[in-house]
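All remarks here apply to the structure that follows.
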Amino acid sequence: MSTVLFWFRNDLRLHDQPALRAALTSGATHLLPVVCLPAPDERTPWGFARVGAHRRAFTAAALRSLQVQMSALGNPPLLICQAPPAIALPQLAQAVGATTVVCEDIAAPYEQAEVAALRAAGLQVRTVWHSSLLPPARMPWAVDQLPGVFTSFRQKVERAGITPATPLPAPTQLLPPPDVPASVLQAVGAEQGAASIQLPAPPQGSDARSSFPYGTPGCDGSEAAALAHLAQYLARKLPHSYKDTRNGLTGLDYSSKFSPWLATGALSPRQIYADLKAFERDHGANDGTYWLWFELLWRDYFRLLHLQYGAALYRARGLSELPPAPHNPRGFDRWCRGDTGQPLVDAAMRELAATGYLSNRLRQVVASYLIYDLRGDWRAGAAWFESQLVDYDVYSNQANWLYIAGRGTDPRGGRRFNPIKQAQDHDADGSYRRLWGTA
Ligand code: FAD
């Protein structure tokens, strides 16, 4: 008997799961699937929880459904550990006689350090890259030669005709689980069996004003909800109007809302692409369908940027030579609470805190306000988003903040948004500000 550990990270799904497939075909006879939850009291250097209540609740729904799906395959109870991977995985491996862990490759410093700690503990860790639409290995340049600006990246990808791989089907069978002694389960704070999971519920049900009401069945964190959401988005032909509506501020349909499930991994980007292409064949391609591909390419670009620059993206100066911006604790506190006195910014920050979601347009406006108007440290803002967003994605969050701060790859050297003009353009009748009590 030989056991392989499969460590679910930001890939909480069974469809299109190359890392899980690698574990299943590794030659092992048994599989122990594991998730490690961040400690509830883990804090950022800025003094608040690294993972806030919304993200915890959304991820918990993904875990519950994964647990049920795996049980339906007649197999391993997903082990949900309340301990960091460096503590939980070596103990579990030792208890079941495993030497190998298979998991998703994540090219960000915190996540790389998690893997390094496992290796230092003597485990063999096989990481599999599968979070991007396009495989980095198929790019027509070396990893450190990524085109310096997005447009050039996109044009080169399109000219070279690089397309995503066909998504893998979900496995119909897993490997049997090994026995894990109860004392070890207790030591790693693990819970086994769907019925026993103590995972958070949505904080206060759902805020009716939310553009992504994750407390409702259509928007819960499960893989089934993710696939159903994608199917209904296409069935209602919303891609055709995406380019015209994507700068909206309220409601479920102005943008795709794929991001929360992409972030936990409940939805594969290659599945989106495959279904979008089928949609284009059946109903025609237009600017809207193209623009969804365009935005998903941004997501890939920020992943590739991490492969190229890694920890440099996390320096106060980012990729620039700009001096670090000093932290502005009072301004930052007012910004987080939605109490700056700027009505559009305050409405947006209240929406973020109340719902865990915010439109792309308003993410840009509030990030710009913290950086250029309050003159705060962009890294505190990025950390607040990390804490609050249900769709927090390490690559997209870090790189978008850098971009607006002029410390990333923006050829224009940063983006400053005038909130008064933004309100005139996107909330001319004031309904958004009234919704959040700032007008
Ligand atoms: P749509 O407009 O429907 O776009 C479709 C998909 O394209 C999205 O789901 C997303 O995967 C991708 N996409 C769209 N815009 C971007 C972008 N600017 N950068 C990268 N990918 C993009 N997105 C996250 O997923 N997680 C984050 O933590 C995150 N933090 C951000 C922080 C700031 C300061 C800013 C300005 C943007 C951030 N974004 C982040 C990008 C963007 O705001 C969200 O992806 C988008 O609002 C999600 O809603 P949607 O799925 O309806 O997007």
Side-chain angles (χ1 to χ4, degrees), residues 6 8-21 24 33 35 55 57-75 78 104 130-134 163-174 194 199 202 206 210-240 242 252-283 288-289 292-293 295-296 299-300 356-357 390-393 396:
F6 183 72
F8 279 102
R9 302 180 87 190
N10 298 330
D11 52 356
L12 303 178
R13 66 172 180 273
L14 295 184
H15 76 278
D16 195 32
Q17 239 296 6
L20 181 59
R21 167 146 324 172
L24 292 173
V35 167
R55 188 144 68 87
F58 186 70
T59 306
L63 291 175
R64 264 187 223 103
S65 90
L66 198 54
Q67 176 82 262
V68 171
Q69 284 170 278
M70 295 184 96
S71 302
L73 289 178
N75 207 56
L78 174 65
E104 179 196 356
H130 65 178
S131 75
S132 55
L133 194 54
L134 303 169
T163 51
T166 307
L168 298 174
T172 51
Q173 219 183 350
L174 300 170
L199 292 168
S206 240
S210 177
S211 293
F212 185 76
Y214 69 86
T216 59
C219 295
D220 78 45
S222 67
E223 179 172 352
L227 294 169
H229 177 81
L230 172 61
Q232 66 80 32
Y233 188 76
L234 300 173
R236 293 165 62 220
K237 301 195 176 65
L238 291 174
H240 280 155
Y242 170 73
L252 187 61
D253 292 339
Y254 65 80
S255 64
S256 73
K257 306 295 166 27
F258 296 152
S259 61
W261 291 291
L262 283 170
T264 57
L267 185 58
S268 155
R270 292 171 295 276
Q271 190 66 52
I272 297 176
Y273 179 81
D275 292 3
L276 186 61
K277 283 287 138 188
F279 172 87
E280 285 184 335
R281 282 193 296 276
D282 293 346
H283 304 291
T289 57
L292 276 167
W293 150 260
E295 295 296 357
L296 287 167
R299 181 176 176 274
D300 267 22
Y357 185 84
V390 287
D391 70 2
Y392 167 69
D393 171 82
S396 295

Heavy-atom closest pair, residues [X] and [Y]:
| X | Y | value |
| --- | --- | --- |
| C219 | P213 | CB-O, 3.3 Å |
| E104 | R9 | O-NH1, 3.0 Å |
| L267 | L262 | O-CD2, 3.4 Å |
| W261 | S222 | NE1-O, 3.6 Å |
| L24 | P171 | CD1-CB, 4.0 Å |
| D391 | Y357 | OD2-CE1, 3.9 Å |

Could you tell me whether the side chain of [Y] reaches within less than 4.5 Å of the side chain of [X], counting heavy atoms only?
| X | Y | value |
| --- | --- | --- |
| L20 | L168 | no |
| W293 | L133 | yes |
| F8 | L63 | no |
| S256 | L238 | no |
| R21 | P169 | yes |

State whether the side chain of [X] and the backbone N or O of [Y] hold a donor-acceptor pair below 3.5 Å, judged by distance alone.
| X | Y | value |
| --- | --- | --- |
| N10 | T264 | no |
| R270 | L134 | no |
| H15 | S268 | yes |
| R13 | G265 | yes |
| S396 | D393 | no |

In Å, rounded to the nearest 0.5 Å, how long is the span from [atom1] of [X] to [atom2] of [Y]?
| X | Y | atom1 | atom2 | result |
| --- | --- | --- | --- | --- |
| L174 | S71 | CG | OG | 10.0 Å |
| R64 | T59 | CZ | OG1 | 10.5 Å |
| I272 | L227 | CD1 | CG | 9.5 Å |
| Q17 | E223 | CD | CD | 8.5 Å |
| F279 | L230 | CZ | CG | 11.0 Å |
| S211 | K257 | OG | NZ | 5.0 Å |

Problem - Criterion side-chain contact (heavy atoms from CB on, under 4.5 Å) on L73 and L14, from CA distance to verdict - result: CA-CA 11 Å; L73 289 178; L14 295 184; 4.0 Å; yes
Problem - R236/D253 salt bridge by N-O under 4.0 Å criterion - result: yes
Exercise for the section: Check the angle between the aromatic planes of H229 and F258 and answer parallel, tilted or perpendicular using the 30° and 60° thresholds. Expected result: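 Because their plane-to-plane angle is over 60°, the rings of H229 and F258 count as perpendicular.
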Handout entry: Parallel, tilted or perpendicular: rings of F58 and Y214 (30°, 60°)
Key = perpendicular
Practice task
Just jot down the ring pair (Phe, Tyr, Trp, His ring centres under 6.0 Å) partners of Y242, sequence neighbours excluded, or say none.
Solution key: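 Not a single residue meets the ring pair (Phe, Tyr, Trp, His ring centres under 6.0 Å) criterion with Y242.
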Exercise for the section: For the residue pair E280 and H283, confirm or rule out a side-chain donor-acceptor distance under 3.5 Å. Expected result: no
